[in-house]
Every structure is written in C-alpha cells, then in structure tokens.
Amino acid sequence: MTKSFTEMTPALKRRHAAETRFQWLGRLAILLAIGFLVIMVASIAFIGVGALRQTHVALDVFLDPAEIDSSKLKNADYDGLVKASLRKKFPEITKRREKRKLYGLVSSDAGYTLRERVRNTPDLIGQTQKFWFLMSDDVDLFIKSAAPPDANEQGRRISNKELAWIDAFRSTGDIETRFNSRFFTSGDSREPELAGILSALVGSAFSLVVCFALSFPVGILAAIYLEEFSPRNRWSDLIEVNINNLAAVPSIVFGLLGLAVLLNTFGLPRSSPLVGGIVLALMTLPTIIIASRAALRAVPPSIREAALGLGASRIQATFHHVAPLALPGMLTGAIVGMARALGETAPLLMIGMVAFIVDVPKSVVEPATALPVQIFLWADSPERAFLEKTCAAIIVLLAFLVLMNLAAILMRRKFERRF
Amino acid sequence: MLRSKSLFTVAILSAGALTAVSNAAVARDQIKIVGSSTVFPFATTVAERFGKSTDFKAPVVESTGSGGGLKLFCAGVGDAHPDITNASRRIKKSEVEKCAKNGIKDIVEVKIGYDGIVLANSRKSKRMELTLRDIFLALAKDVPDGDGKTKPNPYKTWKQVNADLPDVKIEVMGPPPTSGTRDAFVELAMEGGCKSFDWIKALKKSDKKSYKALCHRIREDGAFVEAGENDNLIVQKLNANPSAFGVFGFSFLDQNSDTVQGSKISGVAPEFELIADGSYPVSRSLFFYVKKENIGSTPGIKEFLAEFASNKAWGPEGYLADKGLIPMSDQERKEWSMKVENLQNLSM
C-alpha cells in the first residue's frame, strides 16, 4: 500500500513534468518580456542622454558703440557683432563660402543671447567681453560623440576646415560641454540645439487638468448612480454594454468627434488644450466608470446594510459610507486612465494639436502641443540632432507615466481598507 | 473614514471649479498657418525667427498636407480659420472656387523657392546615373512592350532596365500616395520618363485618361515599397540595406549627406546650385497662400510676410537655404517680393 504512494507512477511523473515544463515556459515568457523592455528603454536612454549635455563656445565680442544705439537696444545687429568676433579670431578666412561655414559653427541663437545680455547690463557697451554661446547642432553632435573623425571627409558632417577651427577653440579651452537646462526650460525650435520640451509639457499638463476635471466627477457620479441607484432593467443593461464598448473604441474616433462637434459646431479654439482635454476626457470616461464601478462593488454589502439599518437614507449610506471606501479604487482608475491619455496622439491630430508652437501656453485656450506630439514632430525632422532630443523626450514621457502609475499604487496602499 | 470623506468632497469640488475656469475664450493674437509637410520646416523656421525678433507672438504652424491645408484655409474668414496655408503645389482652380464660395475672394500667392526630389542610396554602394526613362521603366506598373502596346512591368534588376546599370535588384522606398512628394515624383520623374516614348506622348493628345493611367501608376509587386511619410525612416533603411533606393526631399539628403548620396538624373546631380538653376529635372515650386480678409484682424501678417520675403530668409545666403530650401533667382525673388509688398491678388 505504502509503496504505491511513495513510488512515482508514470502518470504522476508525467503530470509533474508537465507542471515543471509550464513553470519554465512561464519564466521564459517573463524573461523575454523583461528583456525586450530593457533593450528598448536602454537603447532609447543611451541615445537620449546625449541631449542632456550641450556644447558652448567662448567668444570675445566687442560691443561696438557705433553699432548699438543705446536708446534702441533691441534693434542692433547683434548677429553681426558675433560674426565680427569670429572673423577677428580667424583673420585668414576671406572667401565668402568659408565665412559662411565659420559663422555656422555658432548657433543661430547667438545674436539673441547677446541681445539679452546687453539689455540686462547696458554698461557693457564699448567693452570687449567674453561671452559663451551655444554651438550649432552638427558641431555639438560631433564634439559629444567623442569619436575620432572619420578619415574620409565625405563620410562626416564636419569638414576638415571646421575640424581645424574646432581644434583651435579647444586648444585655448574655449569649448565646454555643460548641462542642457534649456531642454527643460524652453519651447520647441527648428534648431535642435535650442529645442526644449517645456511648451509640450505644459500643454500636456493643461490637457490632463481639463481631462481630469471633466472625466473624474462625471465618471464617478455615473458609476455611483449605475451601481447604487439605477434599477436593473433593459435600459441599464444597454447602457452598460455601451460603456464597455466605448472603452474599446479607437482613440482617433474621439478626435473626429472633437473636430466635428467641438470645433465645427461649438467653435472652440483649434489646437487648444481645452479641446484636447475634452476629447481625452471622453476617451477616458469609460475607463473611469468601469474602474469606479468595480471599486464600488468591492465594498462589502454589510457596510451599506449597516448604514441603512441605522436609519441612513440611501444617499447618506452611499455618500457617507460606500463612496469614501471606494474612492481609492476610483482614483486609481482615474490615474490609470489619465496615464493613457498622456500618451495619446491620435485624437490630438484631428483637433490641430500636432503643430509647431514656440511659446509656452499660459492658459487652456492658447495653442499648445502635447509630449507625445512633440516626440512625433521631432522624429519627423530632417536635422540629425533631433534624434537625441526625440529619445530624451521619450524618456521624460516614460518617467511621467511611471510616476503616475506609482502615484496610483501609493494612493491605493494608503487609503485602501481590507475587510 | 472622515478623512477620506473630505478627500472625496475636495476632489469633486476642485474638479468642478477647474471646469468653470477653463471656459473663458480669448481672441486670437497670433497667426495660424496650416498646410504642406514639405514647406513645414521652412514656415516654422521663419515663424520662430519672427517670434524672436518682433513683438508679435510666434505663429502656430500645423502640418496638414497641401490638400488638407487648403481645405481648412478655404473653410471661411475670421478667427476660427487659418490665415496662411502652405502648399507644395499650386492652388487648384476648384480650390479657388471653393474659397470664393466661403467668402475668401482675395488670396495672395507667394512662391518661396524650390524643392528637389532625390533618388538616393547608401554611400556604401556606388552612385547611380539614371535617366528619367530608366526611372519610369523601373517603377511603372505597365511598361511599353516595344510595339505600341503595354505589358506588366517584367524588370527585376536595374540591368534589365538599362544595360549600363548595375545588376542589382530594383528596390525603391518612397512616400505613400497621400504625400505631396509622391505627387511631384510621379508628375516629374515618372511622367517625364513616360513622355520620352513618342507614341505615349502622342497618346496624351488623343486619350488623356489612359496616358495618365500609364504614366502615373507605380508598380505594386513589391519593387516599390511605400515607406510612410517619415523620411528619416527611409534614410535609416537605406543605411541598413545598401542595395535599396529611397525617394525623398532634398532637405533630407542635405542633412544626411554623410550616409546617403543622391543619384544623378539625366547626368545632373541633386546639388544645391544645380537645382537652383533648374538643370536638375525633378524639382518643384513651393508656395504659400495668404487670406487677405484676415490681414486686418490677425496682427502681424504683413510683418510676417515681410520677414519671409526678405533676403536674409529666402535669399541664396538666407537661413532657409541652410534648412534645404532652394532659393529662386534674383529676378524671380524681386518679382515675388513686389507682389508680396503690394498684396497682389492671385491670378490663375
């Protein structure tokens, strides 16, 4: 008798083997998924980290009083002053074409940088002062790559002449790479070295605020009504089926709805985070309603019954006892929905938020873009240096998604009650 | 539980308050531009500089494609509709009529320069020298069979098309039919090669429809791959596959000249000067259109036009040339800047 229990029969052996096999397959699947994730994030981060540093060059600029009219500081030819200082540094360059190349070492922003400095301290006029300017995107990429230049001049973006000039600057310590704070403090630009994500970030934030402000109250009120008050009949079944279907509707459809109804019928401003937020709210509503209903259902009926038993009305039982207990679950649903909205581009395409916008928006009715849209626009730009900007922006977007999901988890941990 | 209850109320109240705040609308104080994705890099560059150097806000530029842009542009007058639309082709008569129907009677046309379309491959392979006829024979859906009829394109390698070309499989990546670059490529390169057969040229007069069908249709058997609107993607794929060719705008060739090279077409290389003087055969004009009715209501349109039509922007040494725009000749620039200054109405 004991023998038949301890000794493995072939059938039992097979069953055990099947289990081990399944477990290993499962582990392999997880490993594979993690592997792909790591490869993806690491390769993006590897390229994107370059965008955090930026090359600057020091030039001695003579702020010629003949050129700068102190009563009209804004209109002087600051570009010309920068160019003059480059010419002074390399007096041997006389050909027009070469001069153009030389001016191209420095970012086109140099004149504006100089203008701001002079406007802040007009006393500098008449002096020769050392200023740090951004270098142009190609030079910046070359210096940051730190690789020895390709032997063949055709095979690189920097010509031999430019190399010689860069070396001249380097030998006097006039080239530095610094942390690129501009990436986080300025809006979009056509020049990769000037482009930043602030306007997209603010646009995303405005859209999400509008989205939350609309979808959260509407969503949880709808969920509370459907779960606690509505009678169960054919109508409520129909509504339920429709909400579940809406959750699966492709997001571009909501964009078309926004174009047809919000822009064309109501005449709301195109490209504005207000419209973007409303469209995203429509998209997240079903998610929030479904999550909130699940949270309400998870509250034990005893709570509800106890409240009713002590004489509370149904609305008191719901709002004093059931809803507060379900709130953590509702908030989690809302945040997960918001995180999805943050990564959405398709609906924004239809309502004009895929646009080049330099100024940081100050309100929800000013034109704005969103983070994923900014990534899309940069990925589509011909300039090579936008690649690292694209990757850096992806990392920022991922960081926000992780933060939002983390917030959802923390909130659930803190407020959740188990029974 | 009290705490979570107040949290609940606060969440609902703040949400409601935010909705109320967001309802106030403001009048538009910046220019809105829509239109071609080819003109987009140039329009945005001017917009950015304009915003920096004047007291006006930088215009908002949307990339909607030439056709989509004109549709939005012609939808009406006033704040809700764009002031300017970019186009990588000329406005069509039907579009002018549609504009007129919606109250847009005065349109200013501005030609900004040229764009070359290149057929490029990786620097790892040899540079090709093609004629328009080679391009047509390699990429058309139907090709002439030698005695006045057509047959489905049988060519698999470039050598079969033209014995002087290398024995390499025909593999070309290009934009989808929705793209303006594709339209221009078909009209200039394909049709140009198509017309080089005398009987097809005669067909144009007798049967325009079948002429177009023959000259404009690109093969669908896998030799021409529609690689999407993203030209950067095509450039990357060329690096990975040295035997493939890509079709894209000159600015992408210009920015990636260290990894890809443009094929010579009819003996002319796609170089800045050669496109500018018109000797490179596959180039097109770029335009934008301004709604005169909006000039009074949207601030800064006149100043923006002046910035665009200045030599430091669209001139041969201007900043748009750095971005890959092929400038017009001095004479042409003079004519167009006169038109801009006088806000001369479009004449078809």
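Atom set for the values below is all heavy atoms of this structure, side chains included, hydrogens, waters and symmetry mates excluded. Sequence lines set the chain letters: A, B, ... in the order given, protein chains first and strands last, and positions in each chain run from 1.
- A distance-only check finds a donor-acceptor pair linking the side chain of Lys32(B) to the backbone of Arg270(A) [under 3.5 Å].
- Within the 4.5 angstrom heavy-atom criterion, only side-chain atoms of Leu377(A), from C-beta onward, approach chain B.
- Once rounded to the nearest 0.5 Å, the distance linking OG of Ser53(B) with OH of Tyr78(A) reads 13.5 Å.
- A donor-acceptor pair under 3.5 Å is formed between the side chain of Glu48(B) and the backbone N or O of Arg190(A).
- Heavy atoms closer than 4.5 Å to chain B are found nowhere in Leu263(A), neither backbone nor side chain.
- Salt-bridge formation is not detected for the pair Lys99(A)/Glu317(B): no Lys NZ or Arg NE/NH1/NH2 atom is positioned less than 4.0 Å from an Asp or Glu carboxylate oxygen.
- The shortest distance between side-chain heavy atoms of Lys52(B) and Asp109(A) falls below 4.5 Å.
- Neither the backbone nor the side chain of Ser37(B) comes within contact range of chain A; no heavy atom of the residue lies under 4.5 Å from a heavy atom of that chain.
- Per-residue heavy-atom pair counts under 4.5 Å with chain A were compared for Glu62(B), Gln30(B), Arg123(B), and the maximum is reached by Glu62(B).
- Only the side chain of Asp359(A) comes within less than 4.5 Å of a heavy atom in chain B; its backbone stays farther off.
- In this structure, CD on Glu383(A) lies 8.0 Å from OG on Ser251(B), to the nearest 0.5 angstrom.
- No more than 12 heavy-atom neighbours from other residues, nucleotides or ligands sit within 6.0 angstrom of CG on Asp55(B).
- Between chain B and the options Gly111(A), Gly267(A), Gly187(A), Ser381(A), heavy-atom pairs under 4.5 Å are most frequent for Ser381(A).
- Formation of a donor-acceptor pair under 3.5 Å by the Asn232(B) side chain with backbone atoms of Ala379(A) is found in this model.
- The contact between Ala58(B) and chain A is made by backbone and side chain atoms together, counting heavy-atom distances below 4.5 Å.
- Atom-to-atom distance recorded for Gln255(B):CD and Asp137(A):CG is 7.0 Å, nearest 0.5 angstrom.
- Only the side chain of Arg100(A) comes within less than 4.5 Å of a heavy atom of chain B; its backbone N, CA, C and O stay farther away.
- Residue Pro59(B) touches chain A through its backbone alone, counting heavy-atom pairs closer than 4.5 Å.
- In this structure, the portion of Phe40(B) lying under 4.5 Å from any heavy atom of chain A is its side chain and not its backbone.
- The environment of NZ in Lys126(B) is sparse: at most 12 heavy-atom neighbours from other residues, nucleotides or ligands sit within 6.0 Å.
- With a 4.5 Å cut-off on side-chain heavy atoms, Ser108(A) and Arg49(B) count as touching.
- To the nearest 0.5 Å, the span separating CD on Glu191(A) from OG1 on Thr45(B) amounts to 6.5 Å.
- Heavy-atom distances place the side chain of Leu72(B), and not its backbone, under 4.5 Å from chain A.
- Between the side chain of Lys57(B) and the backbone N or O of Val358(A), no donor-acceptor pair lies under 3.5 Å.
- In terms of heavy-atom pairs under 4.5 angstrom with chain A, the leader among Thr259(B), Asp231(B), Asn256(B) is Asn256(B).
- Here OG1 of Thr44(B) is found 12.0 Å from CD1 of Ile357(A). Values are rounded to the nearest 0.5 Å.
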